[in-house]
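What follows is a single structure, written as structure tokens, with notes after it.
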Amino acid sequence: MQLYDSVRKTKVPFEPIHAGEASIYVCGPTVYDDAHLGHARSSLAFDLLSRILKALGYKVTMAKNFTDIDDKIIKKVEATGKSMEEITSFYIERYLDEMQALGVQRADIEPKATESLQAIESMIQKLIDKDCAYIVNNGDVYFDTSKDTHYGEISHRVADDEETQSRVEHISEKRNPKDFALWKACKGEEDICFNTPFSKGRPGWHIECSAMIEKYFKGTEEYSIDIHGGGADLLFPHHENEAAQSRCATGHELAKYWMHNGFVQIDGEKMSKSLGNSFFLKDALKVYDGEVLRYYLNSVHYRNDFNFNEEDLLTAKKRLDKLYRLKKRVSPGKGSMVNKNFKQVLLDAMSDDLNISTALAVIDEMIANTNDTLDANPKDKSLKKETIANIEFMETLLGFGGKEPFSYFQIGVDDALKEKIEVLVAERIEAKKTKDFIRSDTIRDELIAMGISLMDTADGTVWEKI
RNA sequence: GGAGCCAUCGCCAAGUUGGUAAGGCCGUAGAUUGCAAAUCUGCUAUUCACCAGUUCGAGUCUGGUUGGCUCCUCCA
């Protein structure tokens with residue numbers, strides 16, 4: 001397995017800290033609002049990684065956190081009058097539902113900041129004890145970046161404190177401009193805060209991830225986990241800060257490999273809440289099938305930026321349709337053995353830093369070859385069985401193609417419509433028998449107007465929702 | 001102001017250690033079909049934003065130009 005490591009900026013062989021095991025921690029969402037396509041892409045990218053590692057025989061432990069203590073959540077509490085717990089549990093549930101619709105496997109560990117306060121507090125205390133952090137007058141605790149000689153090595157940002165070109169105004173109480181808050185003291189009466197020896201307050205964002213990783217993973221002398229992932233925007237400052245804290249608190253590095261996924265863009269621009277061009281998953285799922293979205297969002301290499309548009313999505317759907325038509329052709333039945341070569345070539349492609357494009361090309365080739373053979377010999381039972389097995393393997397590996405093929409082509413068709421279609425199709429078959437082609441073509445046009453496409457095959461007439 | 005990424009056919013998109021351009025969509029010609037649809041087959045980039053350089057040889061390496069994006073602020 002070769003992975004692109006964002007820190008070394010090159011593909012490197014994956015050599016886990018414990019042989020045969022892979023520990024992955026991905027930065028999850030802050031649960032104060034609905035998930036958008038960007039969350040989906042990140043989730044999908046690391047879901048793919050986890051599936052590939054599993055297929056290669058690794059025992060994968062995947063963690064994805066929920067940041068459920070945050071300024072934005074507190075703002076939402078103030079705005080809605082609801083409790084913090086009400087808000088966060090609502091969005092967590094919705095997030096999980098949506099990810100399920102996309103075929104994302106649940107993480108093995110889903111830590112929440114609220115459930116990790118003990119770990120957070122003790123890590124901050126450790127940093128204070130080691131003189132890597134300091135408390136200022138109002139009770140805030142800051143990490144002292146000058147104490148970490150390796151600060152900047154994750155994001156390759158030189159710690160040039162002289163040159164403070166940052167657009168941010170710096171709080172004067174910080175010793176260095178790059179220092180960041182580990183703990184924020186509470187400001188008012190109704191503020192949400194927790195008691196600690198250093199002050200009443202709440203954790204900063206960065207420390208949450210570091211503490212949760214320490215809490216849930218055993219690690220080694222050298223590293224806490226194998227792979228740390230997240231969106232490309234987290235590289236700095238979030239991951240840089242995480243790495244610094246963990247290094248200072250534990251004496252070892254946080255992760256052996258760092259992976260970052262590219263952005264989803266709308267009209268060539270990063271999708272973000274501040275730009276107001278967010279495309280929420282809940283809206284996308286109303287219009288498109290989750291599996292199609294998955295196929296589409298995963299069809300571009302995870303590190304590239306992804307420009308979302310409907311035309312490309314429809315193209316991706318056409319490609320997926322072909323797979324399901326083949327599945328329809330070889331169903332029903334039990335699969336035999338996966339074609340060895342197919343399996344190997346697919347695994348090879350995905351083992352190369354998740355080269356999905358090559359993998360999809362391999363699948364398209366398998367589809368064409370199988371159709372070709374089936375055209376020549378429609379009753380090739382062993383090929384049908386092998387194809388079923390191939391598709392099953394592919395589904396486990398990549399997470400699409402698992403639906404029952406006939407129902408796939410009927411997504412969005414209710415029972416009443418279905419009955420109507422069946423009646424028309426039967427009527428058309430009768431008309432065809434008597435060679436009344438005018439009548440049969442009229443019926444076909446009628447169905448097309450309803451968004452239904454017909455196919456006369458050797459096994460009879462089948463229909464698809466377009 | 002500082003840091004980084006990217007630029008391959010009409011569209012989407014592979015192409016690690018330099019060796020002579022995958023795949024999909026669209027288009028087109030044919031097989032098949034009552035006609036379609038589906039399926040299959042053939043065709044569709046002497047060329048990889050541009051300009052120099054290194055090399056026997058560069059999409060792949062070096063330098064520069066242009067264009068796009070991102071990070072430095074919460075952010076997947």
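Below, all heavy atoms of this structure are taken into account, side chains as well, without hydrogens, waters or symmetry copies. Chain A is the first sequence line, chain B the second, and so forth, proteins listed ahead of strands; every chain is numbered from 1.
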task: Check the pair A:K75 / A:D71 against salt bridge (Lys or Arg N to Asp or Glu O under 4.0 Å), numbers first and verdict last.
output: CA-CA 6 Å; A:K75 266 186 196 155; A:D71 289 358; over 6 Å; no
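- In this view, A:D456 and A:R428, A:K432, A:T461 satisfy the side-chain hydrogen bond (donor to acceptor under 3.5 Å, both in side chains) rule, not counting sequence neighbours.
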Pick out the pairs of N or O atoms, protein on one side and nucleotides 5-13 of chain B on the other, that lie under 3.5 Å.
from	atom 1	to	atom 2	distance (Å)
B:A13	O2'	A:S357	OG	3.0

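- For residues 362-380 of chain A, the pairs satisfying salt bridge (charged side-chain N to carboxylate O under 4.0 Å, His left out) are A:R319-A:D364, A:R329-A:D375, with sequence neighbours left out.
- Residue whose closest nucleotide on RNA chain B sits further toward the 5' end, between A:N261 and A:D352: A:D352.
- Between A:F306 and A:Y296, the gap from one ring centroid to the other is short of 6.0 Å.
- The side chain of A:R325 has B:U39 as its nearest neighbour among B:U39, B:C71, B:C40.
- With ring centers used as reference points, A:Y25 lies under 6.0 Å from A:H228.
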All N/O contacts under 3.5 Å from nucleotides 61-63 of chain B to the protein, with atom names and distances to one decimal?
none

Show every donor-acceptor pair shorter than 3.5 Å between a side-chain atom in residues 343-351 of chain A and any protein atom, with sequence neighbours excluded, or say none if there are none.
from	atom 1	to	atom 2	distance (Å)
A:Q344	NE2	A:D348	OD1	2.9
A:S351	OG	A:L347	O	2.6

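- The same atom, P, is picked in B:U62 and in B:U17; the two are 12 Å apart, to the nearest Å.
- Between A:D372 and A:Q2, the residue anchored nearer the 5' end of RNA chain B, judged by the nucleotide with its closest heavy atom, is A:Q2.
- Taking atom C1' in both B:G24 and B:U60, the straight-line distance is 24 Å, to the nearest Å.
- In this structure, the nucleotide among B:C35, B:A76, B:C40 sitting nearest to the side chain of A:H36 is B:A76.
- Near RNA chain B, defined here as any heavy-atom distance below 4.0 Å, the residues from residues 444-465 of chain A are A:R444, A:S453, A:L454, A:M455, A:D456, listed numerically.
- Here, B:C6 and B:C43 have their C1' atoms 32 Å apart, quoted to the whole Å.
- B:A37 and B:G30: their P atoms are spaced 14 Å apart (whole Å).
- B:C40 and B:G30 make up a base pair, with Watson-Crick or G-U wobble contacts both under 3.5 Å.
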